[in-house]
Amino acid sequence: MKVSNPEFNPLIGASVGSGIEPLKDFIRLKLGNIVLTSLPDTVKEAEEVMDFCRENKIYIMLSEIVHRGNHKRWSAHSMSKDEIESVIKRAGKYFIGRYVIGEAGGILYWPKFYTINGGVGEYRSITPCDGEIAARKAYVDYLKSEIEFEKNEICNSTFFNVESSIIFSTQTEAGINGQCLELLPGDPLITLAAVRGAAKSAEQLWGVHIAMMWYGGIRLDELWQKRWRSSLYLSYLSGAGFIYPESSHFEYTIKGEKNYTFSAPELKRMRKELRQLYCFSKIHNRPDCAPESPIAIIRGVDDGHPGIWNPYAWGQYEKGEEWQSSDAENGWRLFDTFFKRQDFFFEHNTGDYDFSGNPPCGQLDIIPADGDFSSYKMLFFVGMNRMDDKLYSKLAEYVKKGGHLMIALSHFDCQTVRGGELQLFRNGNLSELCGFNVTSKGIKDVHGISFINHSSDDRYDFPCKTADRDPLFNGNVTGMPIEITDPELKIIAGLSDKPDNIIENIAAQPLLTEHKLGKGTVFTITALESPGTPGLHKFTDCLVWKAIKAHTGEFDFITSDRVRYAIYNTSSGKQFYLYNLDPDLTQSAVIIYNNKRYAEILLSPGKFKCGYLFDNIIIIPDVPVCNAVYNNGDDITFISDRQNAVIINSTEETKFIKINNKNVELAANEKKNIELSENIPPELKEFFAPEFLEEPEMTMSDTSTPY
């Protein structure tokens, strides 16, 4: 069932209790245009809710109707399947969907005794299996059975998950129509990358449900509040189609902690942050597309690593230690390389600028192996992967058309038994994709590792040394002898074991090859072990970082790993967003455009900024609550209150532009401060009014939420 995109992008809202009165209070509180709520228990009440949402243009997401795994009703106790389906039709386009298989990824990442024999009364553990193929199938089949029950017994509608792991694409395979990330359990960066990548691949709507009550912090303190604000804006700039809190915005109640009621200043402050984002979303137009993500990680075939908490693959708790995270799953630790600054004193950090700390253009997708590769400049494998003819051919076509690929021999595995010895695809005949065949198995030992050749692509700044210098890395690895089948193949790095080594000796023990295929390039790590093995981690970390740097965007930023940003393409240029996640310290970001350094943007703690690039003119308003439209020629209209902005001419010639009918002259490469005149359309005046952000004095009789 296809999910239609809502009218606004994104929708902002909140979880509310069941029935009409919580919806009326939601409107009085000015919290947004989408609610997560539970379906009332009777047809009459449910119809009133749907009619109210339709008439007041409030989009509605329904929480789970039945309990996870045991199928006991949470809501709509007296309603039949036909009645529920009839009721939700009354909302028309304002019905987004409903949650099913909530937190089904928990089967893979919860503590093992939560699921063994249904330990916490929800999902049961997956049937013990011998290998990842069977384990993956068992998981998908279990989810399919749950979704079939929902479809046949409860209500056939648009199905959303609510999930905290990175296995969104597997849940789509099981029958999910839209994606909802439960944010804060686990690392937001990896889960946001996974939900967006899965949703893009399946052309689905996705959004964020922020679990502040349970995962926002140990207590409701100042850092909790700042984490709440950061969660909102990180979700926004990452491209979420809807954003709302799960709980704690009407009351905050955790056993053993201080309880906060509806009128508590702390909760009023929380709601004001939500109201500010709603206000911003009504004034500002975020482009109706995903942010630029030039590179992506492929979530390998049969990879059962959940990306959160548990060290068991595919939740195979009952099969013993061999299912605990192996080096293959530990390769996901390389994800940190994309989002953390490199060690400045490590000599492989080279070049004019240090771009580490963020991927190119600030965003990274995690995509399924059966997804569309065409929009990405470079793809990485980091975890487990099982190779087959279909994927091999798909990768070859991607590279031939200009894509770049980083892969290891472990990603060509065909072993069907968990923990079995590597069985290479086509018996190691990897000539088409990699330019070589694997001929035998080398000897595992602690080897030095040296880069000896530069890439044929100058963008890859590999840290090459002369052969008589100490190796840059050391690791306990097994080099695999290869037969070169493409005479143009380059040995980029190899095992280096003697201080008087010569390049020929190192090249005879290759560890990294470069194969030009069509218009693209394949880099292959030729060790027996996976990239997650301790002996390879530092080498692969360097390799990934160099590849990231090679694909820095034409328009990009140098900034710390406490600043997150996103760049969106539009028909008239680019829009960009920056957010300082640091709760205490000011950070800065420097614009790099066409290899030139431009303005430094200062971001105080928790500061959110937006900016625009129109025809080589960069504009950064002081206050992001605005919207810019590029008209014909050099004419720009800003919907804004009166405020200042920085404007930069990035060209080598004088530019004459008009902003809100005011002429501005900019010399070549000039940066200047200008004043934006007030321009507020009548329909937006209420959102610019300061009183919009103030909460009315009121009580709320029902402060419950679905979760």
Side-chain angles (χ1 to χ4, degrees), residues 1-6 61-62 64 68 96-109 123 126 132-133 135-152 155-183 186 190-209 238-242 290 293 296-308 314-315 364-376 379 383-386 388 390-391 394:
M1 188 169 293
K2 185 79 172 175
V3 181
S4 58
N5 288 328
M61 179 79 79
L62 289 178
E64 294 156 274
R68 301 158 182 174
I96 295 287
R98 69 181 184 91
Y99 289 173
V100 299
I101 62 166
E103 296 183 30
I107 301 170
L108 277 58
Y109 64 78
Y123 301 113
I126 297 299
E132 288 92 350
I133 296 174
R136 175 178 173 274
K137 184 178 185 302
Y139 178 72
V140 172
D141 287 348
Y142 183 28
L143 297 193
K144 283 182 175 179
S145 69
E146 292 294 304
I147 291 173
E148 282 300 306
F149 173 84
E150 295 274 1
K151 184 184 297 184
N152 297 327
C155 168
N156 187 11
S157 64
T158 305
F159 295 146
F160 278 74
N161 56 11
V162 54
E163 180 55 53
S164 304
S165 70
I166 64 172
I167 60 168
F168 294 96
S169 57
T170 303
Q171 296 188 352
T172 296
E173 179 187 352
I176 288 298
N177 310 118
Q179 306 283 358
C180 181
L181 166 64
E182 181 184 3
L183 191 70
I190 194 171
T191 51
L192 282 164
V195 67
R196 183 180 56 238
K200 283 171 65 175
S201 294
E203 298 183 329
Q204 294 175 336
L205 176 66
W206 72 276
V208 174
H209 154 138
S238 297
F242 55 86
S293 303
I297 294 173
I298 297 177
R299 181 172 165 250
V301 177
D302 298 328
D303 188 340
H305 178 65
I308 172 177
W314 288 116
L364 167 72
D365 291 340
I366 298 173
I367 60 174
D370 60 358
D372 182 3
F373 297 168
S374 62
S375 66
Y376 300 102
L379 298 174
M384 183 264 175
N385 180 66
R386 191 175 315 285
D388 56 26
K390 181 180 178 181
L391 178 56
K394 184 177 179 180

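Computed from a prediction, not measured in an experiment: that's the story for all the values here. Residue indices begin at 1 and follow the sequence shown.
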Ser164 and Glu103: side chain donor to acceptor below 3.5 Å:
no
Is there a donor-acceptor pair closer than 3.5 Å between any side-chain N or O of Asp303 and the backbone N or O of His305?
yes
Nearest atoms (heavy-atom pairs only) where Ser201 meets Pro368
OG-CD, 3.3 Å
Has the side chain of Asn385 got a donor or acceptor atom that lies under 3.5 Å from a matching backbone atom of Val301?
yes
Examine distances only and state if a side-chain atom of Glu64 and a backbone atom of Gly102 form a donor-acceptor pair shorter than 3.5 Å.
yes
I'd like to know if the side chain of Trp314 and the backbone of Asp302 have a donor-acceptor N/O pair within less than 3.5 Å.
yes
Do Gln171 and Glu163 have a side chain donor and acceptor closer than 3.5 Å?
yes
Taking 4.0 angstrom as the limit, do Arg98 and Glu150 come out as a salt bridge?
yes
With a 4.0 Å cut-off, would you call Arg136 and Glu173 a salt bridge?
yes
Would you give the length of the straight line joining atom CG of Leu143 to atom OG1 of Thr170, rounded to the nearest 0.5 angstrom?
8.5 Å
A cation-pi test, strictly: NZ or CZ of Lys394 under 6.0 Å from the centre of the six-membered ring of Phe373 and no more than 45 degrees from its axis. Yes or no?
yes
Ring-ring centroid check His209 Tyr99, cutoff 6.0 Å
yes
Working for side-chain contact (heavy atoms from CB on, under 4.5 Å), residues Asn177 and Leu205
CA-CA 8 Å; Asn177 310 118; Leu205 176 66; over 6 Å; no
Partners meeting side chain to side chain donor-acceptor pair (under 3.5 Å) with Thr191 (sequence neighbours left out)
none
Could you check whether any side-chain heavy atom of Phe160 comes within less than 4.5 Å of a side-chain heavy atom of Val100, counting everything from C-beta outward?
no
Please determine whether salt bridge (Lys or Arg N to Asp or Glu O under 4.0 Å) holds for the pair Lys151 and Glu146, giving the CA-CA distance in whole Å, both sets of side-chain angles, and the decisive distance to 0.1 Å.
CA-CA 9 Å; Lys151 184 184 297 184; Glu146 292 294 304; over 6 Å; no
Closest non-hydrogen contact found for Ala104 with Tyr123 is CA-CE1, 3.6 Å
List the steps and the verdict of side-chain contact (heavy atoms from CB on, under 4.5 Å) for Ile166 and Ile308.
CA-CA 8 Å; Ile166 64 172; Ile308 172 177; over 6 Å; no
With a 4.5 Å cut-off on side-chain heavy atoms, are Asp365 and Lys200 touching?
yes
Quiz question: by atom type and distance under 3.5 Å, do the side chains of Arg299 and Ser169 form a donor-acceptor pair?
yes
Less than 4.5 Å apart, side chain to side chain, heavy atoms only: is that true for Ile367 and Leu379?
yes
CA sep, side-chain torsions, deciding dist, call: Val162, Cys180, side-chain contact (heavy atoms from CB on, under 4.5 Å)
CA-CA 5 Å; Val162 54; Cys180 181; 4.3 Å; yes
Return the OG to CG distance between Ser157 and Leu62, rounded to the nearest 0.5 Å.
7.5 Å
For Ile107 and Tyr142, run side-chain contact (heavy atoms from CB on, under 4.5 Å): C-alpha distance rounded to whole Å, both residues' side-chain angles, the deciding distance at 0.1 Å, then the answer.
CA-CA 11 Å; Ile107 301 170; Tyr142 183 28; 3.5 Å; yes
Is there side-chain contact between Thr158 and Ile96, with at least one heavy-atom pair below 4.5 Å?
no
What's the shortest heavy-atom distance between Ile126 and Ala138, and which atoms?
CG2-CB, 3.5 Å
Could you report the tightest heavy-atom contact between Arg196 and Leu364, atom names first, then the distance?
NH2-O, 2.8 Å
Locate the shortest heavy-atom distance separating Ala198 from Phe168; write the atom from each residue and the value.
CB-CB, 3.6 Å
Electrostatic pair Lys144-Glu148, nearest N-O below 4.0 angstrom:
no
Asn161 side chain vs Ile101 backbone, donor-acceptor pair below 3.5 Å
no
Mind listing the closest non-hydrogen atom pair of Gly239 and Trp206 along with its distance?
C-CZ2, 3.3 Å
